[in-house]
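Written out below as structure tokens is the structure these notes cover.
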Amino acid sequence: MPSEQILAASAKHPKPDTTFQYGTAGFRMKANLLDSVVFRVGLLASLRSRKLNGQTIGVMITASHNPPEDNGIKLVDPMGEMLEQSWESHATWLANSPDDKTVVERYHTIASELKINLENKANVIYARDTRASGSSLVASLVDALQSSGAVYTDYKLLTTPQLHYLVRCINTKGTQYEYGEVSEKGYYEKLADAFKRAIKGKTVSGAVTVDCANGVGGPKLREFLKYLPTAADGGIDIKVVNDDVLKPEALNMNCGADYVKTGQRAPPSSKASPGDRCCSLDGDADRIVYYFVNPKDNAFQLLDGDRIATLAASFLADLSRQAGLSEKLAVGVVQTAYANGASTHYITSDLKLPVVCTATGVKHLHHAATRFDIGVYFEANGHGTVLFSPKAVKQLTYAYEPQSPAQKTALDTLRALLDLINQAVGDALSDMLLVEVILAHKGWGMTEWTRTYVDLPNRLVRVEVRDRGMFKVVDAERQMEEPKNIQSQLNELVQKYKDGRSFARPSGTEDAMRVYAEAATRAEADQLATRVADLVKRFGA
Ligand code: G16
């Protein structure tokens, strides 16, 4: 009887005296607090699969950009998207069951309220990143899957986007939406083949150095290189750095996308020369940012998610025009409040494309991007991708007949990008190849890429407070509703700065508040960020 088995298994995973919350990207915290959460999320994965008539659900154990001692868990829905948001409250409720008996009761309550047939099959696949705590958390997950009678497959170490890819491949197999071969090798082959088609006749200029944050992206990128053509074969020269996964404490330490974006500096270990094209992944390879040292003035120049979004949006809009498809396909961009004001202005005024702003979290952006035929979504931190609507896929793959060789060439490139871009979720490896393809097509180096617009100087600050739950945000996180009066005081500060903009929001992955500020000059952006951080500290004391 599963109930008895769940009860017995749950007893091995007692809940600590902590309140859990499904956050921006699942549950995330110090790994030593996660055992019971992982067990209960495993139960929920079984329920989710049963609710969806046995479609495969993914479970990823990772804390991505967080420090090595943290870990986390998130669920992946059948098409490779994040867990449907209405289920997040079920996850939180189950995770906070005070004892084993309540775990079983809530498991059954969720099943009956959502009319889940517990006789249905449950299929779950899972993977983890390189964190030391990963294997023991996997054991907790397996206890849940076994006791709830799910059929499961362990994909061991993967990047988060690889797991999303596999989930989508499994659930679309044999349908008209078939996404790819269900294996890690299938992922590399699909992307490598698409890259070769997309880059055909163009040349990638110089090498790109990839900082892998000492995370799972390192070994996976090294494996991927076996499938990618080298520069000598008309492909790409990739130098892999910070790929030490044998020292778990090195993960995200002084390297990686979050370090580079937040600190606006290259990893100290970087040996890149001025002008060299560099990028950094995060701990589970779902984010990427580019950067270089400008040879003219030796200044560090960051090309973050906003830059990737603008580059991709302009290229895709151009291609669809060249293919003769611009009337048929609506291109749009989705950003968050962290997007640099200059990037938003560039998209609307120069590219003349619509922009939508959502709350932080790819789950929000992804959803909004589905409203366009070609929806480009990126968070400034480098997390994002491009979605093609079913209508766009139909046009690109068979419905549309190009009227000239030039239209056919553009269409072929669009088709290659359809396969190169991981449409399940933001994927640093896929995004990197997308950037490389676009730069090669445009004949651009880093300098040309930076010339599209001038970023407003900005600063991101992390502020620790007693209880970040007391801060309530609205309007895509641009305004604080609580504590009372904090927003009016923040507005007063912002008014003192030319081109000033600032907001504060509770992080959904770390126990802290985040403050973002931008203004006309570096000094003013720094000062505004410090003042708003002080305000948040005062209210949160
Ligand atoms: C996760 C989410 C991102 C989000 C980031 C920071 O990234 O997937 O969408 O931008 O956390 O979120 P917050 O500011 O709420 O802490 P990752 O790369 O850590 O999975």
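No hydrogens, no waters, no symmetry mates; every other heavy atom, side chains included, goes into these values. Note that ligands are numbered from 1 as they come in the structure, with each ligand's atoms numbered from 1 the same way.
- Interface atoms of ligand 1 facing Ser507, defined by a heavy-atom separation under 4.0 Å, are 13 (P), 15 (O), 16 (O).
- Of the protein's non-hydrogen atoms, the one nearest atom 11 (O) of ligand 1 is Thr509 CG2, 3.3 Å.
- With a heavy-atom cut-off of 4.0 Å, Asp258 does not touch ligand 1 at all.
- Ligand 1 places these atoms under 4.0 Å from at least one heavy atom of Ser64: 17 (P), 18 (O), 19 (O), 20 (O).
- A cation-pi arrangement is present between Arg307 and Tyr453 under the rule of less than 6.0 angstrom and at most 45 degrees off the ring axis.
- Side-chain contact, His13 with Asp35: a donor N or O sits under 3.5 Å from an acceptor N or O.
- Residue-environment remark: CZ (Phe300) exceeds the threshold of 12 foreign heavy atoms within 6.0 Å.
- Between Leu365 atom CG and Thr370 atom OG1 the span is 11.0 Å, to the nearest 0.5 Å.
- Put simply, part of Arg28 is less than 4.0 Å from ligand 1, judged by heavy atoms.
- Both tests pass for Lys190 against the ring of Tyr179: distance under 6.0 Å to the centre and angle within 45° of the axis.
- Among the atoms of Asp284, none of the N or O lies under 3.5 angstrom from an N or O of ligand 1.
- The side-chain heavy atoms of Phe378 and His383, taken from C-beta on, include no pair separated by under 4.5 Å.
- Under 4.0 angstrom from ligand 1, there are no non-hydrogen atoms of Thr62.
- The nearest non-hydrogen atom to atom 19 (O) of ligand 1, considering only Met513, His65, Met82, comes from His65.
- Within the listing of ligand 1, atoms 18 (O), 20 (O) sit less than 4.0 angstrom from a heavy atom of Asp286.
- Ranking protein heavy atoms by distance to atom 12 (O) of ligand 1, first place goes to Thr24 CG2, 3.7 Å.
- Between Ala25 and ligand 1, no pair of N/O atoms sits closer than 3.5 Å.
- Here atom 5 (C) of ligand 1 lies nearest to Arg287 when heavy atoms of His383, Arg514, Arg287 are compared.
- Between the side chains of Asp129 and Thr62, at least one donor N or O lies within less than 3.5 Å of an accepting N or O.
- Put simply, the side chain of Thr336 never gets that close to the backbone of Thr360: no donor and acceptor are under 3.5 Å apart.
- Both tests do not hold together for Arg28 against Tyr22: distance to the six-membered ring centre under 6.0 Å, angle to the ring axis within 45°.
- Taking every non-hydrogen atom of Arg505 and a distance limit under 4.0 Å, the qualifying atoms of ligand 1 come out as 13 (P), 14 (O), 15 (O).
- Remark: of the listed residues Glu379, Lys261, Glu477, Arg505, Arg505 is the sole one forming a side chain to side chain donor-acceptor pair (under 3.5 Å) with Tyr338.
- Heavy-atom contacts of Gly361 reach the following atoms of ligand 1: 9 (O) (cutoff under 4.0 Å).
- Close contacts between ligand 1 and Asp282 involve ligand atoms 18 (O) [criterion: under 4.0 Å to a heavy atom].
- Considering backbone and side-chain atoms alike, Val362 places an N or O below 3.5 Å from some N or O of ligand 1.
- Given atom 4 (C) of ligand 1, the protein heavy atom at minimum distance is Glu379 OE1, 3.5 Å.
- Taking a 6.0 Å sphere around NE2 of His367, one finds it holds 12 or fewer heavy atoms contributed by other residues, nucleotides or ligands.
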